[in-house]
Number of protein chains: 2
Amino acid sequence: MRGASGNSIDIVLCTPRGRKLAVLFVRDDGKHAREKWCLPWSPANEDEPLDLTATRVAQRAAGSRAAWLSQAGAFADAKRHPGGAALSVAYLGVTPHRDDPPPPRTKWFDADDLPSLAPRHRIIVDAALAQLRERMDRAPVAFRLLGATFTLSDLQAVYELLLGRRLHKASFRRSLTAAFLVEPTDEWRSEGRGRPAQLFRYAPRKRRGGRGGPRFDVLGA
Amino acid sequence: MRGASGNSIDIVLCTPRGRKLAVLFVRDDGKHAREKWCLPWSPANEDEPLDLTATRVAQRAAGSRAAWLSQAGAFADAKRHPGGAALSVAYLGVTPHRDDPPPPRTKWFDADDLPSLAPRHRIIVDAALAQLRERMDRAPVAFRLLGATFTLSDLQAVYELLLGRRLHKASFRRSLTAAFLVEPTDEWRSEGRGRPAQLFRYAPRKRRGGRGGPRFDVLGA
DNA sequence: GACATTAGTAACAACCTGTTACTAATTGTG
DNA sequence: CACAATTAGTAACAGGTTGTTACTAATGTC
């Protein structure tokens, strides 16, 4: 059995879908599979750095490289893993929304409506989603959930998604410009009805006061 | 060789010493040891939760339970570990200062003057210390570096230690009371010269706005 | 008793945030 | 074409928060 008693690398890949976060799962057709879906994973390879394995697994599952990927901790504690791994190193990743369907045998599930999972995968997903919210103020998670250019309304929607509350437009934009995180392009996007919105790109230009690295926590009521 | 090719649990235990942070190391007298000191560590045991192993290793090395202990990630990537572990799960811990000497064969080193270490332990220490500074605004790290009661000047000194910059007394105290994190005892401590200081205890009473769990980042210029 | 030293607080100005209310540019509808 | 509906973007004000200075309080030292 692959991975038995060894270590595994398991990926929690997130994307925005509508007003919710979605997580990528892979169909598990293994003979002894007790759940239909599992996180993308692979046995750890001693000759390959953990981050590299994670990048590879994420890319294979999602069909494209994750825009951001970072370790989310080690999980063991005798809870069942789909491949029987003794210990699993979880990675948390993020990728922009795509309209085309995911690769065969994979599916995006809303974060608040997950399928039945092996106990360890359930624990990993919960921990990873909690970390996503905690880490968004020190890593450009919100920007990596969007494509190269985006409207400020798009960006605000992502922040609202991650924070779980509504923000006020004026103060959101004010603190955004104060943080020197985005710069305008000269393109505009018309979303059907209403005034077209200017497109921006992520372009951090300044260490907010220089105190302990860049920050991404944007206020806004 | 113990731990060979398996997983290990490695502890980075910190304590305040003067105006600096110190990290605990254990003398490594192993036959094949290439460095004199190493982090407290133990092979991982599949039958024991990771957190429990970590608690045990930290307690044995320091002579008392860590006041706070939390996982800091998994490290592998072919860098040499003192016990030859394929993968190491690092834990970051914190304990109040003690005047009595540490257990035999252990020693506190200033964080900015570490001994020569096995490559993986060097990487783990650097990552753990960075995390200590990042996590202090979501975990009561500063309070766990102090004993059950402390003066506000003590607390301010710990925050300054962690942040690496001086804070202003008035605004530090103002934001501290606004956060409802401490409550006064009716004891006072005289530190030699100067007015005696009131002792406080850590007593979080309120979720700062209720937004995403308690916070511990105190401002103060 | 004067002085040095540390603890603790009051008060003010400058800045920042939350909010409201406005203007601007587009699509859809009669 | 006029006008409502809708979304984008900005101005401006009130109230709160922060950084800073300056003060008072309590102790040990000379």
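Only this structure's heavy atoms are used, side chains among them; waters, hydrogens and symmetry mates stay out. Proteins come first, then strands; the chains are lettered A, B, ... in the order of their sequence lines, and each starts at number 1.
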[N] [atom2] sits how many Å from [X] [atom1], rounded?
{"X": "B:Arg189", "N": "D:dT27", "atom1": "CZ", "atom2": "C1'", "result": "16 Å"}
{"X": "A:Leu167", "N": "C:dT19", "atom1": "CG", "atom2": "P", "result": "11 Å"}
{"X": "A:Phe172", "N": "C:dT17", "atom1": "CZ", "atom2": "P", "result": "14 Å"}
{"X": "A:Arg174", "N": "D:dA12", "atom1": "CZ", "atom2": "C1'", "result": "10 Å"}
{"X": "B:Glu191", "N": "D:dT29", "atom1": "CD", "atom2": "C1'", "result": "17 Å"}
{"X": "B:Arg166", "N": "D:dT18", "atom1": "CZ", "atom2": "P", "result": "20 Å"}

**Message:** Does anything in residues 151-170 of chain B form a ring-ring contact (aromatic ring centres under 6.0 Å, His included)? List the pairs, not counting sequence neighbours.
**Reply:**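 Sorted pair list: B:Tyr159-B:Phe172.
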Quiz: residues 180-190 of chain A side-chain donor-acceptor pairs under 3.5 angstrom, not counting sequence neighbours:
unit_1, atom_1, unit_2, atom_2, d
A:Glu183, OE2, A:Arg201, NH1, 2.9
A:Thr185, OG1, A:Glu187, N, 3.2
A:Thr185, OG1, A:Leu199, O, 2.9
A:Arg189, NH1, A:Asp154, OD2, 2.9

Salt bridge (Lys or Arg N to Asp or Glu O under 4.0 Å) pairs, two or more places apart, involving residues 61-72 of chain B: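 Salt bridge (Lys or Arg N to Asp or Glu O under 4.0 Å) check on residues 61-72 of chain B returns no pairs.
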query: For residues 116-134 of chain A, which residue pairs qualify under salt bridge (Lys or Arg N to Asp or Glu O under 4.0 Å), counting only residues two or more places apart or in two chains?
result: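 Output for this query lists A:Arg122-A:Asp126.
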- Query: Ignoring hydrogens and geometry, is there a side-chain-to-backbone donor-acceptor pair from B:Glu160 to B:Leu167 under 3.5 Å?
  - Reply: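 Yes; at least one donor-acceptor contact below 3.5 Å.
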Strictly under 3.5 Å: I want the nitrogen or oxygen pairs between protein and nucleotides 8-10 of chain C, one per line.
unit_1, atom_1, unit_2, atom_2, d
C:dG8, OP1, B:Gln198, N, 2.6
C:dG8, OP2, B:Arg173, NH1, 3.1
C:dG8, OP2, B:Arg173, NH2, 3.2
C:dG8, O5', B:Arg173, NH1, 3.3
C:dG8, N7, B:Lys169, NZ, 2.4
C:dG8, O6, B:Lys169, NZ, 3.1

Original post:
What pairs with B:Ala139 under side-chain contact (heavy atoms from CB on, under 4.5 Å), at least two apart in sequence or on another chain?
Top reply: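 Partners of B:Ala139 under the side-chain contact (heavy atoms from CB on, under 4.5 Å) test: B:Trp68, B:Val141.
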Most 5' of B:Asp154 and A:Arg193 on DNA chain C, judged by nearest nucleotide: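 That would be B:Asp154.
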Could you go through residues 97-104 of chain B and list every donor-acceptor pair under 3.5 Å that involves a side-chain atom there, pairing it with any protein atom two or more places apart or in another chain?
unit_1, atom_1, unit_2, atom_2, d
B:His97, ND1, B:Pro16, O, 3.1
B:His97, NE2, B:Asp99, OD1, 3.2
B:Arg98, NE, B:Asp100, OD1, 3.3
B:Arg98, NH1, B:Ser64, OG, 3.3
B:Arg98, NH2, B:Asp100, OD2, 2.7

Identify, with sequence neighbours excluded, every residue that meets ring pair (Phe, Tyr, Trp, His ring centres under 6.0 Å) alongside A:Phe75.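 Expected list: none.
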Ion pair check, B:Lys79 and B:Asp77, cut-off under 4.0 Å:
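Looking at B:Lys79 and B:Asp77, the cut-off is not met.
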Counting only side-chain N and O atoms of B:His168, is one of them less than 4.0 Å from OP1 or OP2 of D:dT20?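 For D:dT20, OP1/OP2 do have a side-chain N/O of B:His168 under 4.0 Å.
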Q | Estimated bend of the helix from C:dG1-D:dC30 to C:dG30-D:dC1 (axis per five terminal pairs, rounded to 10 degrees) | A |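 About 10°, once rounded to a multiple of 10°.
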